[in-house]
Amino acid sequence: MGKKIVPIFVIIAVIGVLGFLVSGLGGKASAQPGDQAIDFELKDINEKTYRLSDFKGQPVVLNFFATWCAPCIDEAPELEAFGKEYKDAKLLILAKGESKKRIGKYIGESDSQLTYLLDTKEEISKDYTVIGQPETIIIDGNGVIVERFSGPTTKDDLIKMIQEKVSP
């Protein structure tokens, strides 16, 4: 009888530990549509510091990017066009896991005019639960996430989403 009780206690203990871990992870801030965007601070390749909260009052598009990601590279001209033509939202490219040197080289070779922020340790990517790339998050002027999607996008689709989902 005693031999049967030990496995039951082990199972109960494992379930308890798993429950504790899941409830602890559940307390972390979310980054889904309807949630308040998580503020962050990152630097660009020139060491200029940017905070998401610096753009309060205007829509922000966060695009998680990597230089080795083929869909990111394919999407880049569309983001470049969006950044040049659409002035009603701030576009921030978060270089996920990239070094300053590598992003600097990419910017030089592509002649990009966008704002690339270095998420070298992927801390912001983790806060926003970004696993792949490209991933795009649209935030309204009140700091609320209104759209989130994975995969490449186009200038026109971004503009349409902002106009439909962001209150004027």
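In this chain, numbering begins with 1 at the start of the sequence shown.
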Does any N or O in the side chain of [X] come within less than 3.5 Å of the main-chain N or O of [Y], such that one atom is a donor and the other an acceptor?
X      : Y      : value
Lys48  : Ile45  : no
Asp39  : Ser53  : yes
Asp119 : Ala95  : no
Gln36  : Ile145 : no
Glu98  : Thr67  : yes
Asn142 : Val144 : no
Arg148 : Ala31  : yes

Could you state the interatomic distance from [atom1] ([X]) to [atom2] ([Y]), rounded to the nearest 0.5 Å?
X      : Y      : atom1 : atom2 : answer
Ile137 : Glu147 : CD1   : CD    : 10.5 Å
Thr120 : Lys100 : OG1   : NZ    : 10.0 Å
Glu41  : Leu117 : CD    : CG    : 11.0 Å
Ser125 : Ile131 : OG    : CD1   : 10.5 Å
Ile124 : Leu42  : CD1   : CG    : 4.5 Å
Leu92  : Phe64  : CG    : CZ    : 10.0 Å

Under the salt bridge (Lys or Arg N to Asp or Glu O under 4.0 Å) test, which residues partner [X], sequence neighbours left out?
X      : result
Lys160 : none
Lys155 : Glu85
Lys56  : none

If we only count heavy atoms from C-beta on, is the [X] to [Y] side-chain gap below 4.5 Å?
X      : Y      : result
Pro59  : Asp140 : no
Asp44  : Tyr50  : yes
Ile162 : Val61  : yes
Glu80  : Leu114 : yes
Val60  : Leu91  : no

Heavy-atom closest contact (Lys84 atom, Gln113 atom, distance)
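Heavy atoms only, the tightest pair is CE-CG, 4.5 Å.
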
Closest non-hydrogen atom pair between Ser99 and Arg102, with its separation
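Here Ser99 and Arg102 meet closest at OG-N, 3.0 Å.
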
Using a 6.0 Å cut-off, check whether atom NZ of Lys101 has over 12 heavy atoms from anything other than its own residue.
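Not buried by this count: 12 neighbours or fewer within 6.0 Å.
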
Connected via hydrophobic side-chain network under 4.5 Å: Phe149 and Val166:
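Same cluster.
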
Please determine if Lys43 and Glu47 form a salt bridge, counting it only when a charged side-chain N lies under 4.0 Å from a carboxylate O.
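A salt bridge links Lys43 with Glu47.
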
Criterion side chain to side chain contact (heavy atoms under 4.5 Å, CB included) on Leu118 and Leu94, from CA distance to verdict:
CA-CA 6 Å; Leu118 299 170; Leu94 278 70; over 6 Å; no

Is there a side chain to side chain contact (heavy atoms under 4.5 Å, CB included) between Leu79 and Ile93? Walk through the geometry before answering.
CA-CA 9 Å; Leu79 295 176; Ile93 309 296; 3.9 Å; yes

Is there a side-chain hydrogen bond (donor to acceptor under 3.5 Å, both in side chains) between Gln133 and Lys96? Walk through the geometry before answering.
CA-CA 8 Å; Gln133 58 277 323; Lys96 188 177 174 228; 2.9 Å; yes

Should the pair Tyr106 and Tyr116 be assigned to parallel (<30°), tilted (30 to 60°) or perpendicular (>60°) ring geometry?
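Ring orientation of Tyr106 relative to Tyr116: perpendicular.
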
Could you walk me through whether Tyr128 and Leu62 pass the side chain to side chain contact (heavy atoms under 4.5 Å, CB included) check?
CA-CA 10 Å; Tyr128 276 86; Leu62 302 180; 4.1 Å; yes

Set of residues satisfying side chain to side chain donor-acceptor pair (under 3.5 Å) with respect to Glu123, sequence neighbours excluded:
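Side chain to side chain donor-acceptor pair (under 3.5 Å) list for Glu123, sorted by chain: empty.
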
Criterion side chain to side chain contact (heavy atoms under 4.5 Å, CB included) on Thr136 and Met161, from CA distance to verdict
CA-CA 11 Å; Thr136 304; Met161 281 185 272; over 6 Å; no

State which residues pass ring pair (Phe, Tyr, Trp, His ring centres under 6.0 Å) with Tyr86; sequence neighbours excluded, sorted by chain then number.
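Tyr86: ring pair (Phe, Tyr, Trp, His ring centres under 6.0 Å) contacts with Phe82.
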
For residues 68-77, run the donor-acceptor check on the side chains, cut-off 3.5 Å, and write out each pair with its distance to 0.1 Å, sequence neighbours left out.
unit_1: Glu75; atom_1: OE1; unit_2: Asn63; atom_2: ND2; d: 3.3
unit_1: Glu75; atom_1: OE2; unit_2: Thr153; atom_2: N; d: 2.8

